[in-house]
Student: 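Pasting a structure here, questions to come.
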Amino acid sequence: MTLLSSITKLATAAAIVGGAALFSGQALAQDLKFFTIGTGGTAYTYYPVGGMIANAISNPPGSRACDAGGSCGVPGLIASAVSSRGSVDNVNAINSGLRNSGFAQSDVAYWAFSGTGTMEGKEPMKDLRSIAALFPEHIHLIAKADSGINSVADLKGKRVSLDEPGSGTYTDANLILAAYGLSTSDITAEALKGSAAAEALRNGKVDAFFVVAGFPTGAVVELASAEDIKIVPITGPEAESLVEKYGFFASSDIPSDAYQGVDATTTLTVGAQWITSAKEDDELIYNITKAMWNDKTRKLLDVGHSKGKTITLESATDGLGVPLHPGAERFYKEAGLIK
C-alpha cells in the first residue's frame with residue numbers, strides 16, 4: 001500500500017467518524033426541547049412552585065431512567081421557571097409566543113380569554129388553554145400591627161402598594177378597593193413587589209401592601225419574623241358582593257400558624273392555574289401533564305414547598321378559567337377525571 005493510499009484511507013475513515021459524531025450531535029440537538037414556565041416575583045409562591053414543576057417535567061439527555069431512580073419527566077425536555085411580573089404578564093407572554101406556559105390567577109386567565117372584566121376592549125386571547133389548576137391563592141393585605149388599619153376602608157388617605165401593573169395582585173387590589181368605595185385617587189398608590197413592598201412597610205415608606213399568593217409566602221414570612229404585623233381582613237358585605245359578582249373569588253381563612261405572631265384572618269382567594277397555548281403540540285402537553293402527575297412528582301411536591309401538598313390530581317380540573325389544552329384533556333380523560 002502506498003503512502004498516498006494509506007493517507008487517503010485514514011482521511012476517509014476520519015470523515016466517516018466525524019460525520020457520525022456530527023450526525024449524533026445534530027440528532028441530540030433535535031431531540032432537545034425547551035419549555036418555559038412564567039411564574040412571578042422570586043419572593044412569592046409562583047416562583048418556587050414553578051421551579052419544582054420544571055424540575056419534575058424535565059428529563060435532559062443522559063438522565064437516569066425513571067424506574068432506576070432518575071427523572072420521570074418528558075424525555076429530551078428541559079423546562080425552566082422564569083421570574084415575571086405575574087399573571088397578566090404571563091398570559092400576555094403566552095399569547096404572544098414569548099413563553100410556552102405560565103401561572104395565572106383564574107380571574108386573570110378568564111378575563112384574558114374572554115376579553116371581559118379588566119381586559120374589556122382588548123382582543124380576546126382565544127388560544128389560551130389550561131394544563132392544570134394548582135392551588136388557592138389568598139389575598140393578603142399587610143399592615144403593621146399598630147397601624148390602625150383594620151379594614152380595607154381604613155386605607156383611605158394611606159400609602160398603599162398595589163404591586164406592579166401586569167400582576168394579578170394589582171388587578172385584584174383595584175377590584176377590592178372599588179368594592180369598598182375607594183379608588184387609586186383615594187390613596188397614594190405604589191407599585192412595589194415582594195420583598196421591596198415588605199421592606200417599604202418596615203421602613204415606614206408605605207402603610208400597607210397587597211399580595212396575592214399561597215400562604216406562607218416568603219416576603220411576608222421574613223417580614224413577620226422582624227416586625228409586628230397584621231393581615232387586614234377582607235370581609236363584610238363588600239367582600240360578599242365580590243364573591244357573588246365574580247365566580248372566581250371565594251372566602252377563606254389564613255390560619256394563625258401561617259405567619260409568626262399573626263392571628264387567623266378571613267380574606268378572599270382566587271385559584272392559581274397553569275396556562276399554555278393551543279399552539280403547543282398536543283403530544284408534548286399530554287406528556288408534560290402525565291409527568292406532572294407521576295408518583296415521583298407527587299413526592300417532590302409534598303416536600304418541596306408548603307403549598308405543594310395542596311396541588312393534587314383530584315383538583316386539577318376544578319375552577320379552570322379557560323378550556324383545557326387537548327393534550328391535558330386526553331390525560332385527564334385517561335385518568336378518569338373527566339368524561
Side-chain angles (χ1 to χ4, degrees), residues 35-40 45-46 49-50 53 57 79 81-82 84-137 166-172 175 212 214 242-243 245-250 268-290 292-293 310-333 335 337-339:
F35 193 84
T36 51
I37 305 172
T39 60
T45 310
Y46 276 4
V49 169
I53 292 175
I57 66 174
V82 181
S84 76
R85 288 183 294 170
S87 294
V88 177
D89 185 30
N90 289 337
V91 294
N92 284 330
I94 294 165
N95 191 58
S96 68
L98 180 63
R99 294 186 196 120
N100 302 106
S101 72
F103 298 161
Q105 295 168 198
S106 54
D107 51 348
V108 172
Y110 173 75
W111 285 331
F113 177 77
S114 62
T116 59
T118 58
M119 301 288 189
E120 190 168 357
K122 296 182 180 179
E123 188 72 22
M125 300 182 190
K126 290 298 185 182
D127 280 338
L128 292 180
R129 294 292 184 272
S130 298
I131 297 176
L134 298 175
F135 54 84
E137 297 188 85
S167 69
T169 297
Y170 182 86
T171 299
D172 286 344
L175 286 177
V212 181
L242 284 170
V243 172
K245 185 175 181 180
Y246 302 109
F248 42 74
F249 279 130
L268 296 177
T269 66
V270 293
Q273 301 179 354
W274 188 9
I275 307 296
T276 188
S277 170
K279 296 174 183 176
E280 292 292 334
D281 180 71
D282 289 5
E283 191 69 17
L284 174 65
I285 299 300
Y286 169 79
N287 286 324
I288 283 174
T289 310
K290 187 175 181 179
M292 169 72 183
W293 300 116
T310 68
I311 302 173
T312 66
L313 176 59
E314 290 72 24
S315 61
T317 60
D318 292 349
L320 295 174
V322 300
L324 281 166
H325 188 283
E329 184 177 24
R330 174 185 155 199
F331 172 81
Y332 294 125
K333 284 180 178 177
L337 263 69
I338 57 176
K339 296 181 179 179

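Index from 1, following the sequence. Not measured: the values here are computed from a predicted model.
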Student: Does Asn95 use its side chain to pair, donor to acceptor, with the backbone of Met125 at less than 3.5 Å?
Tutor: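 No.
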Student: Within this structure, what is the CD1-CG distance for the pair Ile53 and Leu134, rounded to the nearest 0.5 Å?
Tutor: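 Between Ile53 CD1 and Leu134 CG, I get 5.0 Å after rounding to 0.5 Å.
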Student: Please name the pair of heavy atoms, one in Ser315 and one in Thr310, separated by the smallest distance, quoted to 0.1 Å.
Tutor: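 What the structure gives for the nearest pair is OG-O, 4.2 Å.
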Student: Pick out which of Ile131, Leu313, Ile338 makes a side-chain contact (heavy atoms from CB on, under 4.5 Å) with Phe331.
Tutor: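 When side-chain contact (heavy atoms from CB on, under 4.5 Å) is applied between Phe331 and each of Ile131, Leu313, Ile338, only Leu313 qualifies.
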Student: Any donor and acceptor pair, going by atom type alone, linking the side chain of His325 with main-chain N or O of Glu280 inside 3.5 Å?
Tutor: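 A pair under 3.5 Å: yes.
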Student: Counting distance only, does the side-chain N/O of Asp282 pair as donor-acceptor with the main-chain N or O of Gly327 below 3.5 Å?
Tutor: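 Not confirmed, Asp282 side chain does not pair with Gly327 backbone.
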Student: Rounded to the nearest 0.5 Å, what separates atom CG in Leu337 from atom OG1 in Thr317?
Tutor: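 The OG1 atom of Thr317 is 5.0 Å from CG of Leu337, to the nearest 0.5 Å.
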Student: Would you name the heavy atoms of Gln273 and Ala133 that are closest together and state the gap between them?
Tutor: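 Taking every non-hydrogen atom into account, CG-CA, 4.2 Å.
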Student: Of all the heavy-atom pairs spanning Thr116 and Ser114, show the shortest one and how long it is.
Tutor: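 Shortest heavy-atom contact: OG1-OG, 2.6 Å.
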Student: Verify side-chain contact (heavy atoms from CB on, under 4.5 Å) between Phe249 and Leu175, making sure each step is shown before the conclusion.
Tutor: CA-CA 11 Å; Phe249 279 130; Leu175 286 177; 4.1 Å; yes
Student: Taking Thr39's backbone N and O only, do any of them form a donor-acceptor pair with Ser84's side chain (distance below 3.5 Å, no angle check)?
Tutor: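 It does hold such a pair.
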Student: Rounded at 0.5 Å granularity, tell me how far CH2 in Trp293 sits from OH in Tyr332.
Tutor: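 Result: 5.5 Å between the selected atoms.
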Student: Compare all side-chain heavy atoms of Arg129 with those of Leu324 and state whether any distance is below 4.5 angstrom.
Tutor: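 No; the side chains remain at least 4.5 Å from each other.
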Student: Could you tell me the separation between the OG atom of Ser87 and the CG atom of Asp172, rounded to the nearest 0.5 Å?
Tutor: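 If I round to the nearest 0.5 Å, the distance is 8.0 Å.
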Student: I would like to know whether Ile288 and Thr276 meet side-chain contact (heavy atoms from CB on, under 4.5 Å); could you show each step before the answer?
Tutor: CA-CA 11 Å; Ile288 283 174; Thr276 188; over 6 Å; no
Student: To check you understand the geometry: which heavy-atom pair defines the closest contact between Ala109 and Ile275, and what is its length?
Tutor: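 Answer, listing the atom of Ala109 first, then Ile275: CB-CD1, 4.2 Å.
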Student: For the pair Phe248 and Tyr246, name the ring-plane relationship: parallel under 30°, tilted 30 to 60°, perpendicular over 60°.
Tutor: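 Parallel: the ring planes of Phe248 and Tyr246 meet at under 30°.
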Student: For the backbone of Ala104 and the side chain of Asn90, can you confirm whether one donor and one acceptor N or O come within less than 3.5 Å of each other?
Tutor: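 Between the backbone of Ala104 and the side chain of Asn90 there is no qualifying donor-acceptor contact (under 3.5 Å).
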Student: Between Ser167 and Gly86 (side chain of the first, backbone of the second, donor and acceptor by atom type, cut-off under 3.5 Å), is there such a pair?
Tutor: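 Side chain of Ser167 to backbone of Gly86, a donor-acceptor pair under 3.5 Å: no, none is there.
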Student: So for atom NZ, which belongs to Lys126, do other residues, nucleotides or ligands contribute more than 12 heavy atoms lying within a distance under 6.0 Å?
Tutor: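 More than 12 within 6.0 Å, yes.
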Student: Do Phe135 and Thr45 have side chains that get closer than 4.5 Å, going by heavy atoms?
Tutor: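 Phe135 vs Thr45: side chains touch.
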Student: To the nearest 0.5 Å, tell me how far Ile285 CD1 sits from Met292 CE.
Tutor: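 So the CD1 of Ile285 and the CE of Met292 are separated by 12.5 Å.
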Student: Can you name the nearest heavy-atom pair linking Ala112 to Val91, along with the distance?
Tutor: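 In this case the closest contact between Ala112 and Val91 is CB-CG2, 4.0 Å.
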Student: Output, in order, the C-alpha distance, side-chain angles, deciding distance and verdict of side chain to side chain donor-acceptor pair (under 3.5 Å) for Tyr46 and Glu137.
Tutor: CA-CA 10 Å; Tyr46 276 4; Glu137 297 188 85; 2.6 Å; yes
Student: Do the side-chain N and O atoms of Ser101 and Trp274 include a donor-acceptor pair separated by under 3.5 angstrom?
Tutor: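 Side-chain D/A pair, Ser101 to Trp274: present.
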Student: Report the C-alpha distance between Val49 and Phe103 in whole Å, list the side-chain angles of each, state the deciding distance to 0.1 Å, and finish with yes or no for side-chain contact (heavy atoms from CB on, under 4.5 Å).
Tutor: CA-CA 10 Å; Val49 169; Phe103 298 161; 4.2 Å; yes
Student: When you look at Gln105 and Thr269, which way does the side-chain contact (heavy atoms from CB on, under 4.5 Å) test go after all the steps?
Tutor: CA-CA 10 Å; Gln105 295 168 198; Thr269 66; over 6 Å; no
Student: Are the side chains of Thr171 and Val212 in touch, meaning some heavy atoms are under 4.5 Å apart?
Tutor: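 Sidechains of Val212 and Thr171: no contact.
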Student: Looking only at side chains, do Asn100 and Thr36 share a donor and an acceptor under 3.5 Å apart?
Tutor: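 Note: Asn100 and Thr36 side chains meet the donor-acceptor criterion.
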Student: I'd like to know whether OH of Tyr110 has more than 12 heavy-atom contacts from other residues, nucleotides or ligands below 6.0 angstrom.
Tutor: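 Check fails, neighbour count at 12 or below.
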Student: Is a donor on one side and an acceptor on the other found under 3.5 Å between the side chain of Ser130 and the backbone of Val322?
Tutor: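 Yes.
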Student: Does Arg330 pair with Glu283 as a salt bridge, N-O distance under 4.0 Å?
Tutor: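 Yes, Arg330 and Glu283 are salt-bridged.
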Student: Looking at every non-hydrogen atom in both residues, tell me the closest pair between Asp281 and Leu284 and how far apart they are.
Tutor: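 Shortest heavy-atom separation between Asp281 and Leu284 comes out as OD2-N, 2.9 Å.
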